[in-house]
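First comes the structure, then the notes that go with it.
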Amino acid sequence: MARGMVRAVAAAAGAAALALGVAGSAYAEGSYAEVTLSGGAGAYEGTVTLPPGFPAVSFSSDSRAAATVPTGASNWISAGTPWGEVFGSSRDQPYLNLRPAADATGSPSTTVYTFDTPTPAGGWGFALGDIDSDIAMVSALDASGEPVAAADLGFEGAFNYCDASPRPSGSVCSSGPPAGGDGFDLPAAASGESSVTLTGNGPDTGGASGWFRPTVALSTLTVEFAWQTGFPVYHTWFATELRSVAGTVTLDRTTPQAGVELTLTSPGGEVVATAVTGDDGGYVFEGVAPGEYDVTMTVPDGLFPVGPTELPADAVAAEVTGVDFDLTASEPEPEVHDVPGTVTDPSGDPVPDADVVLETPDGDPVAETTTDENGDFLLPDVPAGDYDLVITPPGGAPTEVPVTVPLDEPLDIVADPTPTPTPTPSPTEEPTSTPSPTGEPTPSPTDGPDEPDEPGEELPDTGTGAGRVAVAVGLLGAGAAMVLLARRRMGYE
């Protein structure tokens, strides 16, 4: 079958476009991680790169020297092991060798793997090997940063990679029984609330291992490695199953459309791969990690999409087919849908004669109607999209709800038809006078009349008559008397 060539963007920083499914490519025969390591005793760091679509991984470790990244040429996991039946042989695939912080009780090393974005909730795993004279405790945090329950760490069981054929040659498996025999060393496994611990039997043997397939998304993975005897070291392999995502592009649902470009995008928005349809209109993204993807079609010039140009592809548990797109040569009429619903009050009774208005997010009306005596309404011929539906009962306040068309089911909206009361302004109180503290009149702040000249001196004749002068003298006398009375009450005399 003619298929378009797929171009995948590798997850490693700075990696060039990688043609998947081609002999000699990094992930053509397996799904194992590439590993880098730098630093020194007590302060190692590195990266783990799995197939395109898997989150980038960085790690730090306080392992003692010497940590290494062997090539997998002389020590590897056979395809005949339980792990190998899922992820294939690790022969010639790199892995990580780490040690305790010190070869002594109470000095475990801690290695923390941090994922750039949460991992898929399945389809990948890790194996810990050479757990014989040491102890390894595994824990993790989920996508929300909470501890992962032991069951969700996905411990699959213990195995010995020497108990398989073919198996590593040389000193690794030479001291044990032949493949298929009895007496292979296996670590003991114990589950806590949020950890799984593998404990070796003490003597230095070969091949004792355990493997995990997490069943929830992880944000971090931690391995604590402790000494029991000798000079222990443990191996770590990472691998994923490989997935493919496939579909077709047609013209008017009948004619295969060649030369159309499609893009595979991770949940974080990273472009994982691109593909171009072949003569049969088919395309396939091969060799990608398990995950939830989006496939986007680039519409060729002069053509128009029929339906969406982006579709989801859930490849966590299995390969995906049937991610199909259609094109047409003339611009199609927009797809329209009915928007039915019912409006009730908080008591469940229907609200008739309520105004129903469907608006765009910018507030532009698209359709409107009123509810019938049963509170029902129908807005016909509404294009697909996101809207705001505004319900206003007679005399009541509007109720606004978001709506996505097409609907999964008729709308059921509760609106309060009670009129909104108009607040009554509070009356303004009449001002009241404040009496003075003593209950007596407060003296005027203006200065009093000047004192008269020496007693007995005649007042000059102003020519205005004696009446006014007599009144003035009388007022002056009364004022003096009041001042005198006030001074006595205040204790001055």
Side-chain contact, heavy-atom cut-off 4.5 Å: Val48 with Thr236? no

Would a distance-only check, ignoring hydrogens and angles, find a side-chain to backbone donor-acceptor pair under 3.5 Å from Asp152 to Thr215? no

Beyond-backbone contact of Phe225 with Ser63, side-chain heavy atoms, under 4.5 angstrom: no

Identify all side-chain donor-acceptor contacts of residues 404-414 below 3.5 Å with residues at least two apart in sequence or on another chain.
from	atom 1	to	atom 2	distance (Å)
Thr404	OG1	Asp386	OD1	2.9

Minimum side-chain heavy-atom gap Cys162-Ser78 below 4.5 Å: no

Student check: side-chain heavy atoms of Ser194 and Ser139 closer than 4.5 Å: no

Are more than 12 heavy atoms, taken from residues, nucleotides or ligands other than Asp364, located less than 6.0 Å from that residue's CG atom? yes

Tyr283 vs Phe285 aromatic rings, parallel, tilted or perpendicular, using cut-offs 30° and 60°? perpendicular

Passes side chain to side chain contact (heavy atoms under 4.5 Å, CB included), Val356 versus Thr371? Steps please. CA-CA 7 Å; Val356 180; Thr371 56; 3.9 Å; yes

So do Val323 and Thr321 actually touch side chain to side chain, heavy atoms under 4.5 Å? no

Atom pair CD/CD of Glu368 and Glu359 - distance to nearest 0.5 Å: 9.5 Å

Considering residues at least two apart in sequence or located in another chain, which fulfil the side chain to side chain contact (heavy atoms under 4.5 Å, CB included) criterion with Pro82? Phe159, Trp211

Using a cut-off of 6.0 Å, state whether more than 12 heavy atoms not belonging to Phe231 lie near its atom CZ. no

Taking C-beta and beyond as the side chain, do Thr277 and Leu262 meet within less than 4.5 Å on heavy atoms? yes

Without swapping roles, check the side chain of Thr119 against the backbone of Leu218 for a donor-acceptor pair under 3.5 Å. yes

Under the side-chain hydrogen bond (donor to acceptor under 3.5 Å, both in side chains) rule, what do Ser109 and Asp62 come out as? Steps first, then yes or no, please. CA-CA 5 Å; Ser109 65; Asp62 58 359; 4.6 Å; no

Minimum side-chain heavy-atom gap Pro94-Glu34 below 4.5 Å: yes

Residue pairs, two or more places apart or on separate chains, that pass ring-ring contact (aromatic ring centres under 6.0 Å, His included) and touch residues 100-130: Phe54-Trp124, Phe59-Tyr113, Tyr113-Phe238, Phe115-Trp124, Phe126-Phe212

Run the side chain to side chain contact (heavy atoms under 4.5 Å, CB included) check on Arg64 and Trp227 step by step: do they pass? CA-CA 12 Å; Arg64 78 161 179 84; Trp227 172 91; over 6 Å; no

When you measure from the side chain of Ser90 to the backbone N and O of Gln93, does any donor-acceptor pair fall under 3.5 Å? no

For Asp204 and Asp132, indicate whether the former's side chain and the latter's backbone hold a donor-acceptor pair under 3.5 Å. no

For Phe325, the option from Val260, Val299, Val295, Val306 that meets side chain to side chain contact (heavy atoms under 4.5 Å, CB included): Val295

Less than 4.5 Å apart, side chain to side chain, heavy atoms only: is that true for Pro300 and Leu327? yes

Is Asp134 reaching over with its side chain to a backbone N or O of Ala226, donor-acceptor style, under 3.5 angstrom? no

When you measure from the side chain of Arg243 to the backbone of Val316, do you find a donor-acceptor pair of N or O atoms at a distance under 3.5 Å? yes

Where the side chain of Ser266 meets the backbone of Gly53, is there a donor-acceptor pair that is under 3.5 Å apart? no

Side-chain donor or acceptor of Asp280 paired with backbone N/O of Gly282 under 3.5 Å: yes

